Amino acid sequence: MTRSLLPHVFRFAPSPNGYLHLGHAYSALINARMAEVAGGTLLLRIEDIDAARCRPEFEQAIYEDLRWLGLAWEEPVRRQSEHFDAYAGALACLDAQGLVYPCFCSRSDVGSVLAERPDWPRDPDGSPLYRGTCKHLSVVERKARLAAGQPAALRLDMDAALAKLGESPAGWLGWREYGRGMGGCETKAEPALWGDVVLARKDISASYHIAVVVDDALQGVTHVVRGEDLLMATGLHRLLQVLLDLPAPCYHHHALLRDAAGRKLSKSLRAKSLRSLRQEGMTLEAVSAQFDFAQDDLVFVP
Ligand code: GLU
């Protein structure tokens, strides 16, 4: 086996907002196998910025489930809820470049565009693109609303961000994709599909998108292996990495496990948890036998 001399740092990054299911087990095992093949390191990151949905018992269950799967990871585990200052630093850096603005709109303000225009474009997650109401507020009005304590989210000014990107020598934005037999092909990033995406919510001072790019860089992650439902998000992550001057990992978006109806396994659709499968007597061998690792090239170099 040829091993690269470069460090290979992989991570599995679950959110403790429910129990892990077979889809998580597949993702965790594929990360562990790739780290092993590459002679690299596996990190575990707990993505728990959403305090309203995350619970300590789910976090404990993650450790138990992963140990049951035979995984080992480097300590200490990074818990995102302990690093809001790092995400605030990244947001301040974007602010200093004039690339974010406060948004006072409610969720229903943002969604109301669909009542008027059902064909209004949506982002890859299915949310309507923001129509820019607060982008056009005067500086005076913004300041007054903030001074009055009106809660505000923080949005990326996508046009300004793309203009900034145009100035950079990189010009063309993409990433090296290894999933689904892509073998490291340069894949075009399409961040504009996300419009003026929220980078900090009114109630949570960082979004998944900002936290993930900051943490992958801070933790020296070189290989991001995650489900292909995050493929389109990678375009946005690459844009944020360029704007924040962070290194680009390479990516492997793996196949998703689906139920009999073809829907991806998810906590929201109440996919059966690993712990209940275990309680029903399912063995680790039986879990692994469900997975077709061959569909996801395990050799992830260079
Ligand atoms: N925390 C995300 C999840 O549980 C994973 C994000 C990622 O791997 O980038 O789906």
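These numbers come from a predicted model, not from an experiment. First listed ligand is number 1; within each ligand, the first listed atom is number 1.
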ask   = Any Lys/Arg nitrogen of R45 or D216 sitting under 4.0 Å from an Asp/Glu carboxylate oxygen of the other?
value = yes
query = In terms of side-chain geometry, is the basic nitrogen of R275 or E64 positioned less than 4.0 Å from the acidic oxygen of its partner?
reply = yes
key: Short N-O contact, E47 and R78, less than 4.0 angstrom   = no
message = Regarding K188 and E186, does a basic nitrogen lie under 4.0 Å from an acidic carboxylate oxygen?
response = no
Enumerate, atom names and distances included, each donor-acceptor pair closer than 3.5 Å involving a side-chain atom of residues 20-32, sequence neighbours excluded.
residue	atom	partner	partner atom	Å
H21	ND1	G23	N	3.0
H24	ND1	H21	N	3.0
Y26	OH	D296	OD2	2.6
S27	OG	H254	NE2	2.8
N31	ND2	S27	O	3.0
N31	ND2	V225	O	3.1

task = Kindly indicate whether a cation-pi arrangement holds for R33 with F293, taking the cut-offs as under 6.0 Å to the six-membered ring centre and within 45° of the axis.
result = yes
query = Any idea which residues sit under 4.0 Å from ligand 1, heavy-atom distances?
reply = R11, A13, P14, S15, E47, Y208, V212, R226, L230
